[in-house]
Every structure is written in C-alpha cells, then in structure tokens.
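Here's the structure, in structure tokens; my notes come after.
Values in this document were obtained by computation on a predicted structure and should not be read as measured data. FYI, the numbering just counts along the sequence from 1.
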Amino acid sequence: MIVASNIAYQYANTQRRFEYPSFNCSPDSSLLITGASGAGKTTLLHIIAGLLVGFEGSLTINGIALQQQSARFLDKVRAQHIGIVLQQHHFIASLSVYDNLKMSCYLATKPWDHAYTMHVCQQLGIHDCLYKLPATLSVGEQQRVMQSL
C-alpha cells in the first residue's frame, strides 16, 4: 500500500519545485503516472523508491513512513518492499548476469534461491544469457534481467 499526501520536492540550487496530488494505491491496484517531459514523473518515482530524500509531505509504503529516514533504513525498505526497473541498467561489468543476480540478493541480504532464479529467467527468456557479461546483452535482455530481481 502506498499513501502519499502533499508531496513536494525542490532540487537544490534551482527554482523548480514539483508538487504532486495526494494519492493512495492499494496492493491489488495499479497507478499510472503521466505528464509532459520535465513534469517530475521520474522525480516522484525516485521519491517513492526512497532514492530522493528531503521531500515535503508524507509518504508511507506498507505502513512505513519514508520521510526523514536514514539512507541505511531506506536501503532496507527498498530491499524488502520496492522493486525498481531503472531506465539505465547498473550491472557490475566484470560479473556474469548470473553473478550480478546473485550479488543483488547478497546486497539486499536476501537468501539466494538458484531454482527460483532459473525459473524466473526461463519465464523471461533470458536463461541463455545467464553466463554472459552484461555488455553483450541487448537492451531488452538487460531490461528483462532487471525485471527478474
């Protein structure tokens, strides 16, 4: 459950201020964020993901208030409650796709489940990519690897 109320954000050293309408999104529903280029869609997503701090208003995810939390706390919330597919992919270039997936579990302090990972990768059509380096994958394959997390 996401509950956002009176969210506003202003980047340092700019006059640009983003103000967002209040909204609720229950676990069984979807939320569509639309707007013109530069309207602040990515900024809002970064706030919801706990990647931007110092916003005004209140934001709770699964009953956890995100405002005024430490970076360490927000890392734990992201690892347990938030899935992010970034526009740019962030892999460790020297590790295979498989090792990148395994490393993400380690960094999120989640148990590694080889069988589950193989199942998800099979479903996403990337099982043949697991032992390749990320740079050898197409953008679509990289996107699907990120979705498998």
Side-chain angles (χ1 to χ4, degrees), residues 1-12 14-92 95 97-130 134 137-149:
M1 169 78 121
I2 301 172
V3 179
S5 179
N6 301 315
I7 301 291
Y9 188 82
Q10 184 168 344
Y11 287 96
T14 69
Q15 297 297 315
R16 186 75 191 251
R17 178 179 167 84
F18 296 108
E19 295 181 359
Y20 303 98
S22 297
F23 63 88
N24 296 330
C25 187
S26 62
D28 59 344
S29 63
S30 299
L31 177 67
L32 177 65
I33 300 172
T34 64
S37 179
K41 299 178 298 291
T42 300
T43 298
L44 178 59
L45 290 172
H46 286 172
I47 291 169
I48 293 169
L51 297 172
L52 278 178
V53 295
F55 60 89
E56 296 174 23
S58 66
L59 175 65
T60 60
I61 296 181
N62 292 339
I64 302 166
L66 295 192
Q67 62 274 11
Q68 308 301 323
Q69 298 292 348
S70 70
R72 184 181 198 101
F73 180 83
L74 292 172
D75 287 344
K76 289 181 181 180
V77 170
R78 260 190 311 281
Q80 296 173 358
H81 301 285
I82 301 171
I84 305 170
V85 179
L86 300 169
Q87 291 175 331
Q88 292 184 335
H89 313 293
H90 300 279
F91 295 103
I92 300 172
L95 296 180
V97 169
Y98 180 87
D99 289 334
N100 268 280
L101 293 173
K102 197 170 184 178
M103 179 66 74
S104 69
C105 283
Y106 171 77
L107 293 173
T109 63
K110 290 187 172 185
W112 174 247
D113 186 336
H114 173 80
Y116 175 76
T117 300
M118 295 314 229
H119 172 74
V120 170
C121 290
Q122 180 77 33
Q123 297 289 62
L124 293 172
I126 56 171
H127 58 283
D128 292 336
C129 303
L130 287 174
L137 275 56
S138 71
V139 172
E141 289 169 331
Q142 291 178 5
Q143 192 76 30
R144 285 181 298 203
V145 169
M146 296 306 290
Q147 288 175 330
S148 72
L149 296 175

Is there a side-chain contact (heavy atoms from CB on, under 4.5 Å) between Val145 and Asn100 once you walk through the steps? CA-CA 9 Å; Val145 169; Asn100 268 280; 5.9 Å; no

I'd like to know if Asp75 and Arg78 make a salt bridge, using a cut-off of under 4.0 Å between side-chain N and carboxylate O.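 Salt bridge flag = yes for Arg78 with Asp75.
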
Counting N and O atoms only, with roles assigned by atom type, does the side chain of [X] sit under 3.5 Å from a partner on the main chain of [Y], one being a donor and the other an acceptor?
{"X": "Gln67", "Y": "Phe55", "value": "no"}
{"X": "Gln69", "Y": "Leu66", "value": "no"}
{"X": "Tyr9", "Y": "Gly40", "value": "no"}

Using the side chain to side chain contact (heavy atoms under 4.5 Å, CB included) definition, which of the options Asn62, Ile61, Leu31 pairs with Ile2? Ile61

Could you measure the distance from the [atom1] atom of [X] to the [atom2] atom of [Y]? Nearest 0.5 Å is fine.
{"X": "Ile48", "Y": "Tyr20", "atom1": "CD1", "atom2": "OH", "value": "9.0 Å"}
{"X": "Leu59", "Y": "Gln68", "atom1": "CG", "atom2": "CD", "value": "12.0 Å"}
{"X": "Leu107", "Y": "Lys102", "atom1": "CG", "atom2": "NZ", "value": "13.0 Å"}
{"X": "Cys121", "Y": "His127", "atom1": "SG", "atom2": "NE2", "value": "9.5 Å"}
{"X": "Gln142", "Y": "Ile126", "atom1": "CD", "atom2": "CD1", "value": "11.0 Å"}

Heavy atoms of other groups near [X] [atom1], more than 12 under 6.0 Å:
{"X": "His81", "atom1": "NE2", "result": "yes"}
{"X": "Lys76", "atom1": "NZ", "result": "no"}
{"X": "Tyr11", "atom1": "OH", "result": "yes"}

Among residues at least two apart in sequence or on other chains, which ones pass ring-ring contact (aromatic ring centres under 6.0 Å, His included) with Tyr116?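 Tyr116 satisfies ring-ring contact (aromatic ring centres under 6.0 Å, His included) with no residue once adjacent residues are dropped.
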
Apply ring-ring contact (aromatic ring centres under 6.0 Å, His included) to Tyr98 and list each qualifying residue two or more places apart in sequence or on a separate chain. Trp112, His114, Tyr131

Close side-chain approach of [X] and [Y], heavy atoms under 4.5 Å:
{"X": "Leu74", "Y": "Leu51", "value": "no"}
{"X": "Leu101", "Y": "Leu130", "value": "yes"}
{"X": "Asn6", "Y": "Glu56", "value": "no"}

For [X] and [Y], which heavy atoms make the closest approach, and how far apart are they?
{"X": "Cys25", "Y": "Ser30", "result": "SG-C, 4.0 Å"}
{"X": "Ala8", "Y": "Arg17", "result": "CB-NH2, 3.4 Å"}
{"X": "Cys105", "Y": "Pro111", "result": "SG-O, 4.2 Å"}
{"X": "Arg16", "Y": "Gln10", "result": "O-CG, 3.2 Å"}
{"X": "Ala36", "Y": "Lys41", "result": "O-NZ, 2.9 Å"}
{"X": "Ala4", "Y": "Asn24", "result": "N-OD1, 4.5 Å"}

Steps toward side-chain contact (heavy atoms from CB on, under 4.5 Å) verdict (Ile47, Ile7): CA-CA 9 Å; Ile47 291 169; Ile7 301 291; 4.0 Å; yes

